[in-house]
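Scroll down for the structure; my scribbles are underneath it.
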Amino acid sequence: MKKEEVIERIIKNESSHRFKELLSWIQESEKNRNEFIQYKNVWALLQRGKEMDKKYVEEDYKHVKARINKDKNKFVINKFIKYAAIIVVALISGYLLNTKTLPHNIAVNEISVPNGNRSLIVLPDGSKVWLTNGSKIIYPDHFTGKSRNVELQGEAFFTVSHDENKPFFVHLGKHRVKVLGTEFSVLAYPEDNIIQVDLVSGKVELDVKETNRAGNYKSYSLNPLHSLVLDKTSGNLEHSEIPDSFYKYWQEGVFEFKNEPFENLAKKMERIYSVKIILEDSILNHSTFTGAFHIESNVYTIMETFKRASSTPFEYNIDNDHIYVKRIK
């Protein structure tokens, strides 16, 4: 197959196992397999939550047109030209982070979203995933067997297609979330000490791996409009209602907080704005703030707001993408 045809099949959302010529091309060589995964990953990444409508395609095409004109091996796919060109230029620019091989003739997609970005991923069963802030999801090209399984590292909002005969599992390291068909979010960065599940509608269970019993989980059900937080160190679980700020964050991009320690806010800002914030005094770690900011705001403007609002006076210095915060004594 020509590369143009492979990209066209991806843009048309034709699964490899339903299109024999494409599947045959994928199985032909390791190079073809990796190339197919690259195209699929970049296509998902480039949607960036905009669902690739005409307006944004035109805008993106203008930005990459200069690069395309310099490329001697230009892609021409009639009405698919703009989409395909954007995919190719993204690959040339190194936008893709990782790929997976194809066990048992199934393409495994690994999508990594950089800090400060958000992408809409459509899974093979039609389920949708909003992936954000330095997060990664791994899922097969099509679901086989008696369950649907994906792996998540980071933060995502899921809208899962209902199929009671084929439960949906989100694997979070040794723990997992079991889903039958619902809307929910998961916060599960490997480096964090907590896993948080927020259920909007439907039914989910948080399956906590029992350390003293191999292969066994202890399941905790979650009611709609409620949140469940697992402390990975102590094993303690905390139930609470989902605050209104949950919807503002996922739907409007507004992050609200109440009596939140500076240490937690710094970690959140690092992921949203792709910076490193160093609090040089332990007292600052526990200083609390109440307020809100839009994720599209400038991080330095937000730092100025914190500086004015802080009960503990501090100053900060900027060195490239590092922000050093020091208490004024």
Between [X] and [Y], is there shared hydrophobic-cluster membership here, with clusters defined by ILVMFWY side-chain heavy atoms closer than 4.5 Å?
X      : Y      : result
Phe262 : Val299 : yes
Phe306 : Ile278 : no
Met269 : Val254 : no
Tyr273 : Phe289 : yes
Ile295 : Val275 : yes

I need the minimum non-hydrogen distance between [X] and [Y], along with the two atoms involved.
X      : Y      : value
Ser161 : Gly126 : OG-C, 3.5 Å
Pro124 : Phe143 : CD-CE1, 3.8 Å
Ile195 : Ala188 : CG1-CB, 4.2 Å
Asn149 : Ser147 : ND2-OG, 2.8 Å
Gly202 : Pro224 : O-CG, 3.7 Å
Val177 : Val197 : CG2-CG2, 3.8 Å

Any pair with a residue in [range] that passes salt bridge (charged side-chain N to carboxylate O under 4.0 Å, His left out), sequence neighbours left out, goes on the list, sorted by first then second residue, please.
range            : value
residues 171-194 : Arg176-Asp207, Glu191-Arg271, Asp192-Lys267, Asp192-Arg271
residues 253-264 : Lys248-Glu256
residues 143-160 : Asp125-Arg148, Glu155-Lys268

**Asked** What's the verdict on side-chain contact (heavy atoms from CB on, under 4.5 Å) for Val170 and Phe158, showing C-alpha distance, side-chain angles and the deciding distance?
**Response** CA-CA 10 Å; Val170 183; Phe158 291 81; 3.9 Å; yes
Is the backbone N or O of [Y] less than 3.5 Å from a side-chain atom of [X], with the two atoms forming a donor-acceptor pair by type?
X      : Y      : value
Ser310 : Lys307 : no
His171 : Val150 : no
Ser274 : Glu270 : no
Thr290 : Asn259 : yes
Asp231 : Ser234 : yes

**Request:** State, yes or no, whether a side-chain contact exists between Asn133 and Val113 at a heavy-atom distance under 4.5 Å.
**Result:**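 No, side chains not in contact.
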**Message:** Do His239 and His226 have side chains that approach each other closer than 4.5 Å (heavy atoms only, starting at C-beta)?
**Reply:** no
Between [atom1] on residue [X] and [atom2] on residue [Y], distance to nearest 0.5 Å:
X      : Y      : atom1 : atom2 : value
Ile137 : Leu123 : CD1   : CG    : 5.5 Å
Ser185 : Ile242 : OG    : CD1   : 6.5 Å
Phe184 : Thr159 : CZ    : OG1   : 9.0 Å
Leu228 : Tyr220 : CG    : OH    : 9.0 Å
Ile302 : His294 : CD1   : NE2   : 10.5 Å
Leu120 : Ile111 : CG    : CD1   : 11.5 Å

**Request:** Count the heavy atoms belonging to other residues, nucleotides or ligands that lie under 6.0 Å from CD of Glu241, then report whether that count exceeds 12.
**Result:**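 Open: at most 12 neighbouring heavy atoms sit under 6.0 Å from CD of Glu241.
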**Message:** Could you walk me through whether Phe169 and Val179 satisfy the side-chain contact (heavy atoms from CB on, under 4.5 Å) test, starting with their C-alpha distance in whole Å, then the side-chain angles of each, then the deciding distance to 0.1 Å, before giving a yes or no?
**Reply:** CA-CA 6 Å; Phe169 290 95; Val179 187; over 6 Å; no
**Request:** Under the salt bridge (charged side-chain N to carboxylate O under 4.0 Å, His left out) rule, collect the residues that match up with Glu205, sequence neighbours excluded.
**Result:**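 Residues passing salt bridge (charged side-chain N to carboxylate O under 4.0 Å, His left out) with Glu205: none at all.
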**Request:** Specify whether Phe157 and Phe246 have parallel, tilted or perpendicular ring planes, treating 30° as the upper limit for parallel and 60° as the lower limit for perpendicular.
**Result:** tilted
**Request:** Kindly indicate, with the supporting measurements, whether the criterion side-chain contact (heavy atoms from CB on, under 4.5 Å) is fulfilled by Val186 and Leu172.
**Result:** CA-CA 9 Å; Val186 178; Leu172 315 167; 3.7 Å; yes
**Prompt:** Hydrophobic clusters join Ile, Leu, Val, Met, Phe, Trp and Tyr when side-chain heavy atoms are under 4.5 Å apart, directly or via other members; which others share one with Tyr189?
**Reply:**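 The other cluster members (ILVMFWY side chains, heavy atoms under 4.5 Å, direct or chained) are Leu187, Ile194, Val229.
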**Item:** Stepwise side-chain hydrogen bond (donor to acceptor under 3.5 Å, both in side chains) check, Gln196 with Asp198
**Value:** CA-CA 7 Å; Gln196 181 171 334; Asp198 300 302; 3.2 Å; yes
Using atom types as modelled, flag every donor-acceptor pair under 3.5 Å from a side chain in residues 313-329 to any protein atom, sequence neighbours excluded.
| unit_1 | atom_1 | unit_2 | atom_2 | d |
| --- | --- | --- | --- | --- |
| Tyr316 | OH | Glu304 | OE2 | 2.6 |
| Arg327 | NE | Asp281 | OD2 | 2.9 |
| Arg327 | NH2 | Asp281 | OD2 | 3.4 |

